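Since the structure comes first, as structure tokens, the remarks are kept for the end.
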Amino acid sequence: MAVDFIQLPISDLTIDAQFRGGTSGHVGDDPISKLMGVGNQGGFRLMGTGRARLAVLVTNSSDPDWPDGLDPETGIFTYFGDNKAPGRDLHGTPRRGNSFLRELFTAYEKPAAVRKLMPPVFLFESTGVGRDVRFLGLGVPGVNGSTTESSLVAIWRTKDNQRFLNYRAQFTVLNVERIERRWLTELQSGVAFEKQQFMPAPWERWIENGIRIPLEAPKTVRYRSKNAQLPNEPRQKNLIHTIYHHFREDPYAFEDFAAWIAKLHLGTVVSYDVTRRHRDGGRDALAKFRIGHGDGAIFVDCAIEAKCYELSNGIGVRAVSRLISRLRHRQFGVLVTTSYVSSQAYEEIVEDGHPVVIVAARDVAKTLIQAGYSRSEHLLELLMNEFPTIEGSISHPSI
């Protein structure tokens, strides 16, 4: 579905609909300003002076150092703040985007009376065609099962040998297929929450009770092809090559790194122990995975298996069967590799319902990028300092 520029001021917002920009060749071609009544520049755009009536977040999802993006399967949208260069305080950005993030995420843990004063956040993504954008959904701060501390994190980056902080924020896209123009008009007119007639039910439930109902869209095919598991851009491939060349002479050392990657990738691994270099029973690491919070949380054991292979060397049925056969009752497995799992092995995992998470080469690279290691030289420094090989000095290709 695509909406022409002339129709923007009267259009509803439908999930994944594209809204076309103008063709005059200047900033007036921006479709967001016509569609939402906000400014025509910036990532965060707020409507209203003082207390904002609505907020729009626009990402181009193409910055390699700041990989914003939506996971359509879980409904989780990851956004990096606007302090993307050294020289400023975390909250000292010209458009106050990071300050707004802090206010937004702080408010979501407050009573409903406070949440009612916060503006809804509408998420858009540039399509890469002119100024056209795609509507991703209605976002609320935080993720089910996580706290403010884990949903809004200040992370360090280095640029031009200078360190600085920026935010990584996670939003949940609510299960709202269509936003009526009538609700947008109410918001733009400053109608109080209690008097709004056209707000979507999941938004009202979030405000009143703090309950998020995510828009989840599971894939119809649950196993991935070889190409879907391998790096799909040079930056990802360089990271995997750096890992492989660091550990290729000492695969045992890769086990500790794989356990660390699993912790980053899964998000709620609270502890892990890497098995000794011999007599490991087939499991390279054991970890505990937390579900829930505080006193009500439960902990599930998982077994991690690590395979440091070249990109061209896939993992077959035998290696996967080895992991599956060693899983204990109420335990799941995680296979971390710098390559891929063969189609036959992957299909058997999915079709037979085995509790195994595949963290393939592309997953490893994306996890590292999300954690701030988007450049090979920074990753190599991490590997040399935190995950040294037993030889102490492995030759690396030039970066």
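Please read all numbers here as calculations on a predicted model, not as lab measurements.
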Quick one: does [X]'s side chain have a donor or acceptor within less than 3.5 Å of a partner on [Y]'s backbone?
X: Arg362; Y: Pro231; value: no
X: Thr127; Y: Val129; value: yes
X: Arg53; Y: Met47; value: no
X: Ser342; Y: Gly314; value: no
X: Asp363; Y: Ala360; value: yes
X: Arg224; Y: Ile358; value: yes
X: His246; Y: Phe387; value: yes
X: Asp29; Y: His26; value: yes

Inset, instruction - Determine, using ring centers only, whether Phe247 and Tyr309 are less than 6.0 Å apart. - result: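 No; Phe247 has its ring centre 6.0 Å or more from that of Tyr309.
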
I'd like to know whether [atom1] of [X] has more than 12 heavy-atom contacts from other residues, nucleotides or ligands below 6.0 angstrom.
X: Lys237; atom1: NZ; result: no
X: Phe80; atom1: CZ; result: yes
X: Glu216; atom1: CD; result: yes
X: Lys159; atom1: NZ; result: no

Legend entry - Salt-bridge criterion met for Glu377 and Arg375 (N-O under 4.0 Å):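 Salt bridge between Glu377 and Arg375, a charged N being under 4.0 Å from a carboxylate O: no.
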
Inset, instruction - Output yes when Glu103 and Arg96 qualify as a salt bridge under the 4.0 Å nitrogen-oxygen rule, no when they do not. - result: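 Result for this pair is yes, salt bridge flagged.
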
Between [atom1] of [X] and [atom2] of [Y], what distance do you get to the nearest 0.5 Å?
X: Leu230; Y: Gln236; atom1: CG; atom2: CD; result: 10.0 Å
X: Ser99; Y: Leu90; atom1: OG; atom2: CG; result: 8.0 Å
X: Leu13; Y: Leu8; atom1: CG; atom2: CG; result: 10.0 Å
X: Glu386; Y: Trp260; atom1: CD; atom2: CH2; result: 8.5 Å
X: Lys307; Y: Glu255; atom1: NZ; atom2: CD; result: 9.0 Å
X: Ile243; Y: Thr337; atom1: CD1; atom2: OG1; result: 10.5 Å

Taking the side chain as everything from C-beta on, heavy atoms only, tell me whether [X] gets closer than 4.5 Å to [Y].
X: Ile76; Y: Phe171; value: no
X: Leu35; Y: Phe135; value: no
X: Val191; Y: Gln197; value: no
X: Ile32; Y: Val58; value: yes
X: Thr338; Y: Val364; value: no
X: Leu46; Y: Val38; value: no
X: Phe193; Y: Glu204; value: yes
X: Ile324; Y: Ile349; value: yes

Legend entry - Candidate pair Asp68 and Thr59, rule side chain to side chain donor-acceptor pair (under 3.5 Å), full reasoning: CA-CA 7 Å; Asp68 300 341; Thr59 175; 2.8 Å; yes

Legend entry - Arg212 to Tyr108, cation-pi by 6.0 Å centre distance and 45° axis angle: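 Cation-pi check for Arg212 and Tyr108: passes.
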
Are [Y] and [X] connected into the same hydrophobic cluster when the rule is that any two of I, L, V, M, F, W, Y join if their side-chain heavy atoms are below 4.5 Å apart?
X: Trp203; Y: Ile211; answer: no
X: Val114; Y: Leu117; answer: no
X: Leu311; Y: Leu368; answer: yes
X: Leu138; Y: Leu54; answer: yes
X: Tyr244; Y: Leu335; answer: no

Heavy-atom pair with the smallest gap, counting every atom of [X] and [Y]:
X: Val320; Y: Ile315; result: CG2-CG2, 4.1 Å
X: Gly21; Y: Asp132; result: N-OD1, 2.8 Å
X: Asn166; Y: Gly81; result: ND2-O, 3.1 Å
X: Leu239; Y: Leu379; result: O-CD2, 3.5 Å
X: Arg115; Y: Lys110; result: NH1-O, 2.7 Å
X: His378; Y: Thr158; result: CE1-O, 4.3 Å

Inset, instruction - Mind running side chain to side chain contact (heavy atoms under 4.5 Å, CB included) on Gln370 and Leu264 for me, showing each step along the way? - result: CA-CA 9 Å; Gln370 288 284 350; Leu264 288 179; over 6 Å; no

Legend entry - Residue among Phe44, Phe100, Phe124, Phe105 satisfying ring pair (Phe, Tyr, Trp, His ring centres under 6.0 Å) with Tyr79: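 Between Tyr79 and the candidates, ring pair (Phe, Tyr, Trp, His ring centres under 6.0 Å) is satisfied uniquely by Phe44.
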
Inset, instruction - Apply side chain to side chain contact (heavy atoms under 4.5 Å, CB included) to the pair Gln196 and Trp183, showing each step before the final yes or no. - result: CA-CA 7 Å; Gln196 293 173 18; Trp183 186 42; 2.7 Å; yes

Inset, instruction - Would you list the pairs meeting side chain to side chain donor-acceptor pair (under 3.5 Å) in which at least one residue belongs to residues 167-177, sequence neighbours left out? - result: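 Listed by first then second residue: His91-Tyr167.
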
Legend entry - Contact list for residues 7-21, test side chain to side chain donor-acceptor pair (under 3.5 Å), sequence neighbours left out: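 Residue pairs passing side chain to side chain donor-acceptor pair (under 3.5 Å), neighbours aside: Asp4-Arg20, Asp12-Arg178, Asp16-Arg134.
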
Inset, instruction - Check the pair Thr93, Asp82 against side chain to side chain donor-acceptor pair (under 3.5 Å), reporting the backbone distance first and the verdict last. - result: CA-CA 7 Å; Thr93 55; Asp82 55 3; 3.1 Å; yes

